[in-house]
Amino acid sequence: MLKTLLLLFLLVGLFLAYRALVKNRKMFREMNAKADLQSALLEVDRLLGDSLTKDISSTMRQMADILAKRLDASLVWIGVQKTIDNAVSVMSLAGSHREVAVSLTIPLDADGSVRKTLDSGCVQRLSLKGDASYKHWPIADDATFHVSLSVPYRSLDGEKGVIVFFLAPRYLEWIRGYGSLRALLI
């Protein structure tokens, strides 16, 4: 009886220790992901401050490269809606899978994530499944692209635009509602 009780006590102790270890690992991964995001946003902030005297296209290209590299994003694109037409023009692409951008215009369909982002003016975290914005792009592979995170912006001259990330899974658990993303709104 005593051996059984000791064995049961040992098993419960091992279970609790394992559970604490898993929880600590998850918190550590989230902390590292948040630090990576904060670092990328600080670099973007510095770049935007320095860009007042530079060409906007080179600034957008540098910003997309920084975000793709620092956040380990499979694709980052920055676009602008220059006129009231039903499309967003892609200004800059970055990431390891930028070849999927077979068109440099994104249609603003009613059920597309880009349209939802521009209309709401809020950061959107949306699934790619059934997303009409990318119907011509070969991005149905959820193992590579996961979920899009779309951040709207408005330029100094009033044009609406969007910055879209296809992030690694480690960012997707906590990114919804993370306040530092508001820093990307220009």
Side-chain angles (χ1 to χ4, degrees), residues 33-109 112-126 128 131-139 144-168 171-172 175-176 178-186:
K34 287 178 183 181
D36 291 346
L37 178 61
Q38 190 66 35
S39 175
L41 293 176
L42 287 172
E43 276 191 67
V44 167
D45 187 45
R46 180 199 49 80
L47 180 65
L48 290 174
D50 293 345
S51 72
L52 296 176
T53 58
K54 295 181 182 176
D55 178 41
I56 190 69
S57 62
S58 78
T59 300
M60 291 294 184
R61 195 170 31 257
Q62 286 178 332
M63 188 165 61
D65 287 337
I66 288 170
L67 292 170
K69 183 172 60 170
R70 287 297 200 129
L71 300 178
D72 192 26
S74 55
L75 179 66
V76 173
W77 68 268
I78 301 172
V80 64
Q81 184 183 15
K82 291 194 179 263
T83 60
I84 306 299
D85 62 354
N86 251 1
V88 170
S89 300
V90 176
M91 295 175 57
S92 181
L93 286 164
S96 59
H97 290 84
R98 63 180 152 230
E99 70 276 355
V100 299
V102 294
S103 170
L104 293 181
T105 58
I106 306 292
L108 293 177
D109 293 335
S113 61
V114 176
R115 161 72 82 185
K116 288 177 186 175
T117 301
L118 290 173
D119 288 348
S120 71
C122 298
V123 175
Q124 300 282 324
R125 178 184 179 262
L126 300 164
L128 294 176
D131 190 345
S133 295
Y134 305 105
K135 62 185 169 190
H136 301 295
W137 290 16
I139 61 170
T144 302
F145 294 101
H146 308 289
V147 173
S148 69
L149 180 71
S150 303
V151 180
Y153 72 89
R154 189 174 289 275
S155 66
L156 293 175
D157 57 359
E159 293 176 334
K160 285 183 176 181
V162 65
I163 302 170
V164 179
F165 309 86
F166 294 96
L167 294 172
Y171 292 98
L172 300 176
I175 199 101
R176 175 181 250 149
Y178 185 58
S180 295
L181 286 174
R182 306 258 182 237
L184 282 176
L185 301 176
I186 300 171

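- Between Leu108 atom CG and Ser113 atom OG the span is 10.0 Å, to the nearest 0.5 Å.
- The two residues Gly161 and Leu118 come nearest to each other via the heavy atoms O-CD2, 3.4 Å.
- Rounding to the nearest 0.5 Å gives a distance of 12.0 Å between CD of Gln81 and OG1 of Thr105.
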Criterion side-chain contact (heavy atoms from CB on, under 4.5 Å) on Arg115 and Val88, from CA distance to verdict: CA-CA 9 Å; Arg115 161 72 82 185; Val88 170; over 6 Å; no
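- Judged purely by atom type and a 3.5 angstrom limit, Ser92 has no side-chain atom pairing as donor or acceptor with the backbone of Ile78.
- Shown here for Val162 and Ser150, the closest heavy-atom pair between the two residues is CG2-CB, 4.0 Å.
- Lys160 and Val80 get closest at one heavy-atom pair: O-CG2, 3.3 Å.
- Partners of Ser120 by side-chain hydrogen bond (donor to acceptor under 3.5 Å, both in side chains), not counting sequence neighbours, listed by chain and number: Gln124.
- No option in Ile163, Leu104, Ile106 other than Ile106 meets the side chain to side chain contact (heavy atoms under 4.5 Å, CB included) test with Trp77.
- Considering only residues two or more places apart in sequence or on other chains, Asp65 meets the salt bridge (charged side-chain N to carboxylate O under 4.0 Å, His left out) condition with none of them.
- A side chain to side chain contact (heavy atoms under 4.5 Å, CB included) with Phe166 holds for exactly one of Val76, Leu75, Leu149, Val100; it is Leu75.
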